[in-house]
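Structure, as structure tokens:
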Amino acid sequence: MRKVGLTVRPAGVADLPSLVDLRLANAEAHIALDPGTYRVPRREAVVRHFTAVLADEAGRDAVLVAEAHDGRVIGMIEVLPQSDPPEHQILRPEPSAQVHTVVLPDARGLGVGSALLAAAQRWASDRGITYLSAGIHHRNVDAVRFYRRHGYTDAGLSLGRRVDQVRGAD
């Protein structure tokens, strides 16, 4: 893995166009994995999302960016804290968050994702979060390999079924 000079920092309002472009490019890549599951959100919706997150002074969610030495944003990671399960459920509460990492294709293999993930882990730890998860599509072998290399392991199995397929199945 080649290393590149970069800075990982909290995203700011000036990063909004880059964040939107990263999200939309990531959506296109995921459509190639499974067009029945993924979509390309409307640009306006993505702008609203990141505008709201960046304006949240409480900083509940984090958006960190990786900036190359030339000032170009080449990756981002979102850290989204999860609510504890309700008292009536059997899952034990644990401060947790989901992470979503995006690195531009031309910046992969340079340590950008690793730097973003390390920064996200520090951000989470500083806020008492003890568990991070990453929801990865099983066909996204590069992402699975990346997270496994960083100590992420299988944390269960999510099964699903379309309700409209249930009719007449008795």
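Nothing fancy with the numbering, it's 1 onward along the sequence.
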Work out which heavy atom in A124 is nearest to a heavy atom in L132; give both atom names and the distance. CB-CD2, 3.9 Å
With side-chain hydrogen bond (donor to acceptor under 3.5 Å, both in side chains) as the test, would you mind laying out the steps for E94 and T130 before giving the verdict? CA-CA 7 Å; E94 179 175 18; T130 58; 3.1 Å; yes
Keeping the roles fixed (side chain from R60, backbone from P81), state whether a donor-acceptor pair exists under 3.5 Å. yes
Quick one, L33 with I31, criterion side chain to side chain contact (heavy atoms under 4.5 Å, CB included). Give me CA distance, side-chain angles, the key distance, then yes/no. CA-CA 5 Å; L33 293 171; I31 285 174; over 6 Å; no
Can you measure from CG (L19) to CZ (F50) and round to the nearest 0.5 angstrom? 5.0 Å
When you measure from the side chain of H30 to the backbone of N26, do you find a donor-acceptor pair of N or O atoms at a distance under 3.5 Å? yes
Would S133 and Y152 satisfy side chain to side chain contact (heavy atoms under 4.5 Å, CB included), going step by step from the backbone distance to the final call? CA-CA 8 Å; S133 64; Y152 287 65; 5.7 Å; no
Would a 4.5 Å heavy-atom cut-off, applied to side chains only, mark R43 and V20 as touching? yes
Is a salt bridge present between D84 and R92, judged by a nitrogen-to-oxygen distance below 4.0 Å? no
Which pair of heavy atoms, one from I129 and one from A97, lies closest together, and at what distance? CG2-N, 3.9 Å
Establish, from distance only, whether the side-chain atoms of T101 and Y147 form a donor-acceptor pair under 3.5 Å. yes
About how many Å separate CZ of R149 and OG of S114, when rounded to the nearest 0.5 Å? 5.0 Å
Among L116, L110, I74, which residue meets the side chain to side chain contact (heavy atoms under 4.5 Å, CB included) test with V103? L116
Flag, side chain of D154 to backbone of G156, donor-acceptor distance under 3.5 Å: no
Nearest 0.5 Å, what's the CG-CG distance between D56 and D61? 7.0 Å
Determine the minimum heavy-atom distance between A155 and Y131, stating which atoms define it. CB-OH, 3.3 Å
Taking every non-hydrogen atom, the tightest pair across P41 and V46: CG-CG2, 3.6 Å
Just do the side chain to side chain contact (heavy atoms under 4.5 Å, CB included) check on V65 and V8 with the steps written out, would you? CA-CA 6 Å; V65 294; V8 175; over 6 Å; no
Can you tell me how far CG of D15 sits from CG of L54, rounded to the nearest 0.5 angstrom? 7.5 Å
So do the side chains of L80 and H100 get within less than 4.5 Å of each other, counting heavy atoms only? yes
Would you call R72-E67 a salt bridge at under 4.0 Å N-O? no
For a quick test of reading the model, state the closest non-hydrogen atom pair linking L22 to G75 and the distance between them. CD1-C, 3.9 Å
Test log, rule side chain to side chain contact (heavy atoms under 4.5 Å, CB included), inputs R9 and L64: CA-CA 5 Å; R9 59 172 175 75; L64 308 171; over 6 Å; no
Between E78 and H49: side-chain donor-acceptor atoms closer than 3.5 Å: yes
Within a strict 4.5 Å, meaning less than it, do heavy atoms of the Y38 and H137 side chains meet? yes
Sidechain-backbone polar pair: S125 side chain, Q121 backbone, donor-acceptor under 3.5 Å: no
Minimal heavy-atom distance between V112 and A107, with the atoms involved, is CG2-O, 3.7 Å
Do R139 and D34 touch side chain to side chain, with heavy atoms closer than 4.5 Å? yes
